[in-house]
Amino acid sequence: MNKQLTLSLLCSAVAASGALAAAPQYQIADILTADAPSASRSKEWKPGAGIPLEVSGMDWMPDGRLAVATRKGEVWMLEGVLAPTPDKVTFKLFASGLHEPLGALSDGDGLLVTQRTEVTRLRDTNGDGVADEYLSAGGGWNVSGAYHGYAYGPKRDGRGNLWVTLNLDMGDHSANKAPWRGWGGTIGPDGAFRPLAAGMRSPCGIGAGPGGDMFCVDQQGTWVPATPIYHLRKGAFFLNPEGIAPQSLPESPVKLSANVPTKLPYPDAVHALPEMCPPAVWLPYNKMGRSGTDLVLCDAGGKFGPFDGQLLVAEFTDAKIGRVFLEKIGGEYQGAAFPFLDGFASGIVRLLAAKDGSLMVGMTSRGWSSLGTKSYGLQRVRWNGDAVFAIREMRAKPDGFELVFTEPVDPATASNPASYVMTSYTYLYSSAYGSDEIETAPLKILSATLAPDARSVRLRVEGLRALFVHELHAPEVRSVGGRKLDHAEAYYTLNRIPKP
Amino acid sequence: MKRLLFLAAALQFVAGWLPAAPVVPGFERFHASAPSADGGRLLYNELGCVNCHGGDTGLPARRGPEIKGATLHAQSDWLATFISNPDAAHPGTPMPGLLAGKSAGDAHAIVQYLATLKPKGALKLKPSRHVNAARGKELFHTVGCVSCHTPRAGSSPAEVPPKESDFTYASLGFPDLRQKTNVTVLADFLLDPLKLRPSGRMPKLLSSEDDAMDIAGYLLDFEHSDGRLSLGIRPLGTSPELVTQGRALVAQARCAACHELPKEVAAAPQKLQKQSGGCLDPAPPQGVPRYNLTGPQRTALQLYLAHPTEKPSPGRTADLTLQALNCAACHERNGSGGPDSARKAYFQGDHNLGDTGLYPPPLTAVGRKLQPDWLAKVLAGENRVRPYLKTRMPVFGEAVSGLGTLLAQADARAPRQLPGGDDAAGRKLLGTLGGVGCITCHRWGDRPSLGIQALDLSNLGQRIQPDWLYEYLLDPAAYRPGTLMPSFWPGGKAANAEVLAGHTAKQIASIYSFAKSANGEPEGFPQTQNGEFELLPKERPIVQRTFLEGVGTHAILVGFPAGAHLAYDAKSAQPAQAWKGRFFDAYNTWFSRFAPFERPAGERVVHWPKPWSAPASRFLGYRLDAGGVPIFMSSVAGVAVEDRFEGIPNGLRRSISWTGRAATQPPIQHPSGVTVQEEASNAQGRRTFTYLWE
């Protein structure tokens, strides 16, 4: 009698627990993923069998090998990752003994990696496929021994500058008084670190965006109310003042002209501190994941879907990838974030575009929690060419927004103002760990006008607020063929309202 | 008819409009098909009959959960629904219906009264920022939850859920947890169920807050990763009138017979007058607890009540105790119990060890197998010796306080007289150099075995009784059919005729006495004692950067096969420390999130003088020569310097060279406590030293 009970419960539960999966147009293939015998936050964590490929940096070597740096301190050279099926990938150990390298960049005759203490140029001078030179190529920042004293990069911007970002120290040894924790800068030809921008917390991912400008994704935490994407440039101060002390040094290009405000709505904080540079884009907490880790420009010539020119943003906790559209308003970047891909195996830490238009996804979840169930690994995402129905762009207008879709939209639903729901909100700027959305208010959609090509819709909206996040839901919009949007949400960071 | 009953059961579960019987897994599995007085005794205890009517079942008390302040742990609406109609709100619950004929308002009044009572123990957990339901799903289906509860998915690696016919006993279902609780409160309960339910029928299985949060997230279908988004328990405002009404109802319904409640609502024992009617009536009159007993349950209770004072043997009482606590879900004893075919797939572990690597051990003869102290500790939650089992042995609390003694009584046998042991012979037998090679498969303390990683034997003397060891070693498969453990004394005849002239009893006694002596390890382990992540320079030097105590954050360690090792400080571009023996354990550097400052693994550490001052010296990196020896490069006051170290027997050889002539020689310092010898050389811009030390 009770057997029947069991069965009925089984069936209902199985049906109810749906698994996450990337959009069906994008296929995720394992190159290597591995379980560890213990949970990611265990103090006794151990890697699984085989190569502990906790990916912390990736780049393509000139001969097509994929260089993969790992948190353990190794660099592996992989061949065959772009084969149609990744079943003949070979792994060769290229370098070892490094101190937690968190980035890799193929550069000239070598591979640059950023260890905790320095940027190192690895060279294989005898051609045996193994590095025999570990040359100090840059450094000069303080390393206290705090576990969180990570160094990220290097990456080049469009003008060839070599960028590095430095995490704030946390835990023991974390005064953050010595330079340059929480700063980003470039490595000069003499190898010296030149501080350029301050006010970051955990600037884990950097990369050149459209136009070659340098962008950085930081992580929610103290003083950082939600994951921000910064436009890195000289003299900028962003959010977290815990590492600001070295601004008094002569090398510092950042000099704050006022005390750092606290416990203010973020727009008020911007007005109170002239040097505060608003993030180009906020990734609202949970809605766009929780912990941004890397960004890469989509430049696949259409081979990764209709998203060229946008940033793909890696996220750790939910193991997913978001999409960011950027535009310049009043000379500054701002734009919109969109949910995009999920269902990856582990916390994503590194992204790398491949020449064939696919995307390499490097992962490790050790030390934190991720919805990805594997401990670490490398996956590859490919677009299968099927149409993606998404809001490709969300552009700010003086009186609202313009939405650009990837496919022609159904006039009836797309030009109905009731198909769109918008709210806006901001954050509380304070030393607290993250912030709720505050001052949330609905916006009124006055009209929705479809363009003649049926690919864009002009929304006239009442109640725009500068420096607020503007959240859009468009679940009723259909394509001409009656299809629902793959993701019906967008989050626009309206730092500036365009002038008419 | 039976088929119709099945259908009815399914319907009643889905719709909740037919009464559901209480589920006591031990009864359903071992007694439902042939009701007996023993089964009745189990039910009389487990359904709480004994709490009202008195008597001595000999079984661990099963009291109701802590309900004082229940509204802190459960939504008050859910509580009222549950109290009104327990089996509908939580199919299988042993809580009887007590409010037949009463109004919904009465249940709410009871909740109001409970809300005014102060509970024992407060919520410990704070909402977690990290909840991973996917991991919770994995844990739920591997750590042992599904031994009692219904699996909600196939086992991992992905398989289809088990067939209905494979379930030999009923699982405990869940109430609608989303109506009842939230992630943090549920996790708090999962982390220590004994706090609210000291009777241990839901034992404590988890020791990590992360595990509890993740499983709670899974059971609540929590989609987010941030536990703070799980809605809290809504506070309940109380009104004095309703509280007074509730107090009267609680007293009238005799809740205090099972639940710990204030004296004002005490329930006096109710002596049993007859063996039918009352609770046993298929349609009990109003005011009598409604249990919805099945036919076999009723029959068994009546059989027991016919002779309730008959004292069964310790063996029968032990078996019934194991059934009451559902130990039998995981452990076989005397040929019955153990994982049933539906649940076997959920027992995960080390497949290399065969069935012993997947399933918990049998409890056959456990009372004479384990030392009494050891068994007591096992029951108290300590002394876990099978790390390869993913299924965890839970802690049952006060319910098992007498179990060890009971098992010892039940399993006792006349002692055998083993001869005295010879430690040296035992050490040889355990090892691989002329012994029977136990360490080929078995671990010894921290030492991994040479092959599959079977049970640690170093604690044999503390853990096992010698008589049982003798009995077991003669025929391991008799104790555990299908074990990979061979017999080295088949039929009592020693396979190894050399040690102690092949005397079986002496050999076994010697193995036991060597293990008990805790004096060294068996012969045949590899020479170097190494942790799993200890770096062992063999053919080539090993280079590893780390934070090192006394050197700093820029330490570059070099381990040489010759056994002397170096720490170079890349910050000052100077050598800093050298030591001998073991090189370095890289575990923390490689895999600890918290990256502590490390120390050399070896000994006889010597230091270069501090500060390792050098004028304007800058580290330029290192290159590896053909033998993998690093050559450190620096710039000292504009002069390019190369510093090469190499391990030699008893020390290090250092060769330092620089561009230019003798006049530009950089300052050269030597470590203190070493004999420094300089090799004669005519080379310009190069000096070579040997450092020797003991």
Flag the pair A:H148 / A:Y150 as yes when at least one side-chain heavy-atom distance between them is below 4.5 Å, and no otherwise.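 In contact.
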Interchain contact, [X] with chain A, by part (heavy-atom threshold 4.5 Å):
X	value
B:L535	neither
B:F597	side chain
B:D210	side chain

Greatest number of non-hydrogen atom pairs under 4.5 angstrom with chain B, of A:A39, A:P52, A:P47, falls to A:P47
Could you have a look at A:E54, A:E133, A:R366 and say which one has the most heavy-atom pairs with chain B under 4.5 angstrom? A:R366
Chain A: which of [options] shares the most heavy-atom pairs with it under 4.5 Å?
options	answer
B:H554, B:R623, B:R135	B:H554
B:D226, B:L620, B:I556	B:D226
B:K571, B:H130, B:R545	B:R545
B:N588, B:V131, B:D625, B:L229	B:L229

Atom group of [X] that falls short of 4.5 Å from chain B, counting heavy atoms:
X	answer
A:T70	neither
A:S40	neither
A:A131	backbone
A:T117	both
A:R121	neither
A:E74	neither
A:E100	neither
A:D132	both

[atom1]/[X] to [atom2]/[Y] distance, rounded to the nearest 0.5 angstrom?
X	Y	atom1	atom2	value
A:T293	A:F316	OG1	CZ	8.0 Å
A:I187	A:T114	CD1	OG1	7.0 Å
A:I348	A:T364	CD1	OG1	12.0 Å

Give the intermediate values and the outcome of side-chain contact (heavy atoms from CB on, under 4.5 Å) for residues A:S291 and A:E315. CA-CA 5 Å; A:S291 205; A:E315 197 280 337; 4.1 Å; yes
Treating [X] as the side-chain partner and [Y] as the backbone partner, does any N or O pair qualify as donor plus acceptor under 3.5 Å?
X	Y	value
A:D107	A:G110	no
B:H90	B:G173	yes
B:T546	B:T589	no

Tell me, with the steps shown, if A:M288 and A:T227 meet side-chain contact (heavy atoms from CB on, under 4.5 Å). CA-CA 9 Å; A:M288 286 294 303; A:T227 294; over 6 Å; no
State whether B:W590 and A:R71 meet the cation-pi test: NZ (Lys) or CZ (Arg) under 6.0 Å from the six-membered ring centroid, and within 45° of the perpendicular axis.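 No; the conditions do not both hold, so A:R71 does not lie above the ring face of B:W590.
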